[in-house]
Structures are given as structure tokens and as C-alpha cells.
Amino acid sequence: MDFTFSEDQIAFREAMHSFFAKELPLEAIRKNWETEAGHAPELQARIAEQGLFGLSVPEDFGGLGLSDVDWVQMTQELGYSALPDYVVDTAYVAVGLLNALPAGHALAAEWLPRIAEGGARVAVGHPSQKLVADADSADLLLLSHQGELHAVAGSAVKTVLNPSIDLSRRPCRVEWTPGAETRVLDAAAAAPLWEDALNRGALAAAGQIMGQILRMLDISVAYTSERKQFGKPIGSFQAVKHHLATVAVKAEFAKPVLERAAQAMASGDPARGVHVSHAKLACGDAGWLAARSGIQVHGGMGYTWEVDLQIFMKRAWVLDAAWGDRAFHKNRVAAHVLSANALLGAGKTFI
Amino acid sequence: MELKYTPEQEAFRQEVRAWMKANVPKEPLQDFDTEEGFKQHRAWEAKLNEGGWGMVTWPRELGGRGCNLIEWLIFEEEYWGAGAPLRVNQNGIFLLGPTLMEYGTEEQKKRFLPRMASCADMWAQAWSEPGAGSDMAAIRTKAVRQGDHYVINGQKTWSTRARWADWAFGIFRTDPDSERHHGLSYILLPLNLPGITIRPIRQLNGLAGFAEIFFDDVKVPVENLLGTEGGGWNVAMATAGFERGLMLRSPARYQETARRLVQLYLANREEADRDPSIREAVLKAWMDAEAYTLSTYRTASKLVNGAKIGPESSTNKIFWSELDIQMHDTAMRILGPRAELLPEAPDAGDVGTWLDGFLFSQAGTIYAGSNEIQRNIIAERMLGMPR
């Protein structure tokens, strides 16, 4: 029993933290909002140089072959830096799907090396999601049709972009024609892959929200330490302190839930879906509180476009509803907890 | 990260389970704030100690079993899972015990710890005063040194189980001219000394769970000083950390409450579902109890790997106290008009001990440093907000 990360895992996370702090300063995020694709192509190349796109691509295909436990660390950094969705969708969710294809599948052999090199973007259209994030800039789309898994080239689909309040989000309606030549797996064979794709998407959303919470706390602590009223920094007032302390407590107790969900994914735990749903709910809940409390302690400034809080709270709001909304995840937890033979109580956590 | 028990840990679990199965009283004991209940609990603690389970994390030579924190969690899971009685000497074993381990002399450890593990000495905490609750540095009760004794005068309050205890540990002002947290000393004293008067205070449940202690020229030998004279604040802060932190509230307690809450909900589901928010509260109880468990395993793993405990103790305190209230509040809502009934009421049905737990949960956000104080600590020491 060891609920800690390895020194390598901690070091990798710290390295990515410094990398994003340098490569993606807050001004760059706002600048990216104004570009056609919503994000800068040169950033993708720099991220690829760091090996991030190959993180869980098997070594045989040019990647690092790391696990969901490594991703749970990384997604928090992606969230902290407000990186756009295509990074995690391509490098984690799509790679997970391609990795899960039957051994020797041509699609994996063709695309995994391209992703690892950083040259490809893959969008995932999960059966539960009507709109597909970043479909308009994807080289490959993994789409569902009546539960089947299809692979379609970006050039073969028509996309309609839906503007979002979060300017780094690119939710697209995708118009395409399913056929025998696009079908990768039938519905029965695809079902478990779709299930884990949703688990990975939800886990990554939860991890990103956790990163956004940490960023919102940092921004709020910095602001309340500087801003003075009644001759003192407002952060010295107990009422202000307590807002942020409550967020910190919520975040502190969502973290181990998030980490355990990743470990359950990595080890193929049969109950991984419940653990992922728990993590999504815990992080989502803490994310809403962090956003609301962030606005409150910023006062009027919290309602403005200027302060950077908005970047992170919008991402926390939208990611909470992505990859299974609250109702979906609550029902998954309920099905487990309220079932007649549920193993509940002391000593049942790791069984 | 390896979230599986080792074969040794599994074997340890089986050993605890077998002993608990054979020894946990079949009938629940009476409340330990009654005279009869106290005797029953004390007998149970002695039996537990005979089995070698008095305080599993202490070294063997001090009456323990040398377990690490992961093994301690496993022990706690089996203890609560078996429905074993609450620990009547919890102030001693969970608060003073770890403090003695850190600050006591070898002689003090040998003198006090083994007797504590068996409950031969039952301990009360003597910290708060009428003018010093959350602001503990406002303590005024004096312990003035005269030769090889301290002479204590003043009053303590909210001293849990002082009515039944043999000994008390507290902080006293040994430097009469000192202010705030300077000049305080941590002193251990028997409660049967001449000049001590104990006045029980009845709690919400009608039982005298805590007491006031009055000191009138009470003479305590200097050898009962823990740590250095005037250095009591730091020692007390270490105890406070234990109180808020891991040991006092192991997660198994909340997991069992959550499990019982799920059962209560399922048994009364038709009624309960008239309020759709109850189902959600039941799920939240399970998720939060699980989160608390995971967090504790995470902290324990870090400590076993050599890390030092950080602000976890303050976040823990807030989390378990609010979780306890949330769970019992939900139980009260499920029971509806039956919630007021005492367990012995003829029409009580399955009210069980929910009411008692509900009343006790009301105190959780107050004792061990109010949650407002904990939030200040988190804001200043964990988030770095200005003072």
C-alpha cells in the first residue's frame, strides 16, 4: 500500500509546470483566443518536443508508454495553464482508444507514431457528446455511429463551430457519412472502448478542473494580498480568508479521489467507472466553489474581463459538464452505493 | 502508487479480525458518561490491552505493537467494522500519548504510556479556561514553582471525562509576569490531589460528559513537567495537531456511519424519496467518507515514506467535523418525526443511536480548535494569506 507518486512522476510534473509557465503566459492565452484556430500551432510543436503527446503512446510506436497515473499529474498542469482541449483529447483520450484496439490494428500503427511525434490532432466524438471539441482542426476523427467506432479523416467531414463562452473551447457539430470503409469496430466490440474513453475524458476533465482550482486559488490569494481596503490587504480579513480556506479544504479532499481514480484506470480495476465518476463529481464541485469564491473575494473586479480569474473559471464550468454531466456521474455512483450487494463501510475502500 | 495491501498487511488484518470477532462485546456497552458505562468501557480497554491492541502504533516496550500508520489504519478498519466500543481513554492515547512520545523523557514514557495503553490511568485534558477557549494563549491558571513543586491555582473547563479520569494534562502559566504564549508550561497531574474540585457539566444529551476543574493551592511535583518550563506552548501545539489530525478521527468511523446511513435510507426509501435531496445527501456521505479515507491513506503513505505532517491536521478537522454533521443531519431527515425519539421509546423503530450521534456531531466544529480558527490557520499557513 503506497499512496504516493514516484520521484520521477513528481519531477516530470514540476518540469511541465515550469515549461507551461514559460511557454503559455496568461497574455498568450488571451492572444490565442483571437486566432482562427483558437490556439497557436507553434505551441503544439513545443509541447511535442517535451514528449507530452507521446506520454502514453507505447514505446514501440515512439512514445514513453506511461500510465493514467502519470496523466493525472499532467492533466492538473494542463488545467493550471488553461491548455486547450485538443492536447488532452489527442494525447490521452484518443491515444487510449487507439491503444485499446485489437493488437496489430492498422489504425494504431498508422496514427500512434504520428501523434507521438506531435504532428497529428485527433478529435474524439464520444456517443455521449453531441458536439465534438476541436473537430474543425483535427487530422483524424474517432466518431461513433449507433455505438460503432468509426475513423474519419479531417478532410472528409464538414464541421460547424459553436461559439462558447470559453474562447479556448471549439465545440463543433460534425457532418459525415458513416460507411463500411470508416467503420473500425462494431457496436459490441466498441462498447468497452467507448466506456474507457469516457472514463479517460472524465478523469482528464476532473484533473484539469483541479489544476484550475489551484490556479484560481493562486490568483485569488495574490489579488487579496495586494488589494487594500480600510488600510489593510483584504486577505487579512477573516471573512475573505474563510472563503479561500473552504476552497482549499474541498480541493484537498478531491485530490486523493482523483488520484485513486487514475490508479483504478491504470490497473484496470473493475470499479474504475465509479471511481472516475466520484473524482469528476468531487473536482467539479470544488471547481464551482473555487470560481464562485474567486469572484466574491475579487469584488467587482471578479466580474470583469480584465482579471485572469475568468479564464480558469470558465474552463472549470465547461469541463464540469463535459465527458458525462453531473446527472450521469451521480447515477453511476448511486448504482454502486445503493445496490443490494454493495461493499460499503470500514475496510472496503481498496477491495 | 500501489493501492493494494501486501500479504503481511492482509495477514495482520486477519489477525485483528479474528481477535475482534472473539472478544468484542456482543451487546453494546452503556454510554461511558454514565457510571456503569464507564466501568464497562474501562474493562474493555483492559481486555483490549491484554490482547496487545491497546495502542498498536506504540513501540512494544511501551505497551504497543510497533505498527506503522498503514497497519494502524487497517487496525482501525477492523476495530470499527467489528462494532467495537468507543475508546474511553481517547484523550490519553490519541493526544497525550503521541505528545509524550515526542517530548517526554524516557522515564516519563515508561511511567505513563504502558498504563495509558491498558487504561490503568485514564486521562483528561485540562486546557480550556472560561476566558481561554479558541484563544488558548489567554490562559491564566497559574502554576508557581516552590522548591520541587508547582503550586496551581485557577480553573479549567470543558475537560472531557474529567469526572472519571485519574490524571489530567494541561498548560499552566508558570511565569506569572508572562503574556500570551510565553511562560506557559505543560504539566501532568493526578486528579485526586488535595485542593482539586471537579464539577461535572451536563451536555446536550443530559449526561455529564465534561467538567470544570478548580485548583486551590494544588501541589504537583516538578518531575511532572512535560518538555521545558515555559516551553508549554510548543508542546501543546503538537498535541493540538494530533487532535485535529490523523489519530483522533480515523476514517473507519465515518465509513461505518456512511454505511449505516445507506442502510437507513434503503430501509426507509419510500418515505425518504419524498424529499429528492435525501438520496443525493446519502451519496455525498458515502463519497466524502471515502474521500476522507483516501486522504488519510495518502497522508499515512507520505509519513511512512519519511515526510512530516503539514497543514493536513487543519484540513482534516474541518472535513471530518462537517462530514459528521452532514451525515447525521441526513439521518435525522430520513427519520423525520421519529428522529426525536430516544432509543428506548416504545415506538422508536430503527432510530438506533442516530440522535445521540447527531447531538455529538454538533460539537465537532467547536472542539479541538473551532473550525473558524482552522480556516484562519489554513488561509495563513497553507495559502500564505496576510495576517
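We name chains A, B, ... by the order of the sequence lines, and we start the count at 1 in each one. Note that the structure is a prediction, hence the values are computed from the model and not measured.
Most heavy-atom pairs under 4.5 Å with chain A: of the set B:Arg259, B:Gln255, B:Gln9, B:Glu78, this distinction falls to B:Gln255. Between chain A and the residues B:Met382, B:Glu280, B:Arg13, B:Lys302, the most heavy-atom pairs under 4.5 angstrom are made by B:Glu280. The most heavy-atom pairs under 4.5 Å with chain A, out of B:Ile378, B:Leu73, B:Thr315, come from B:Thr315. The candidate with the highest count of non-hydrogen atom pairs below 4.5 Å against chain B, out of A:Gly235, A:Pro233, A:Ser6, A:Pro256, is A:Pro256. With chain A as partner, the option from B:Thr6, B:Ile70, B:Asn376 having the largest number of non-hydrogen pairs under 4.5 angstrom is B:Asn376. Between chain A and the options B:Met287, B:Glu77, B:Glu256, the largest number of non-hydrogen pairs under 4.5 Å is found for B:Met287.
Between the CG atom in B:Asn305 and the OG1 atom in A:Thr4 there is a gap of 4.5 Å [rounded to 0.5 Å]. From A:Lys250, atom NZ reaches atom CD of B:Glu322 across 9.5 Å, with rounding to the nearest 0.5 Å. Rounding to the nearest 0.5 Å places CD of B:Glu10 at 8.5 Å from CE of A:Met1. Once rounded to the nearest 0.5 Å, the distance linking OG1 of B:Thr296 with CZ of A:Phe3 reads 10.5 Å. Rounding to the nearest 0.5 Å places CZ of A:Phe350 at 11.0 Å from CD of B:Glu2.
Scanning both residues, B:Pro386 and A:Lys241, for their nearest heavy atoms gives O-NZ, 3.0 Å. The minimum heavy-atom distance between B:Glu372 and A:His242, with the atom names listed, is O-NE2, 3.2 Å. Summarising the geometry of B:Glu290 relative to A:Thr349, their closest heavy-atom pair is OE2-CG2, 3.3 Å, with the distance given to 0.1 Å. Of all heavy-atom pairs spanning B:Leu3 and A:Asp2, the tightest one is CD2-O, 4.0 Å.
Counting heavy atoms from C-beta outward, B:Leu294 and A:Phe253 have side chains that stay 4.5 Å or more apart. Contact annotation: the side chain of A:Thr246 never approaches that of B:Ile318 to less than 4.5 Å [non-hydrogen atoms, C-beta and beyond].
Contacts between A:His336 and chain B at a heavy-atom distance below 4.5 Å involve the side chain alone, from C-beta outward. Proximity to chain A (any heavy atom under 4.5 Å) is shown, for B:Tyr254, by neither the backbone nor the side chain. Within the 4.5 angstrom heavy-atom criterion, only backbone atoms of B:Arg387 (N, CA, C, O) approach chain A. The contact between A:Val274 and chain B is made entirely by side chain atoms (from C-beta outward), counting heavy-atom distances below 4.5 Å. Of the atoms belonging to A:Val257, heavy atoms from both backbone and side chain fall under 4.5 Å from chain B. Heavy atoms closer than 4.5 Å to chain A are found in both the backbone and the side chain of B:Ser295.
By a heavy-atom distance cut of under 4.5 Å, B:Arg269, B:Arg279 are the residues of residues 269-279 of chain B near chain A, going up by number. By a heavy-atom distance cut of under 4.5 Å, A:His278, A:Leu281 are the residues of residues 275-299 of chain A near chain B, going up by number.
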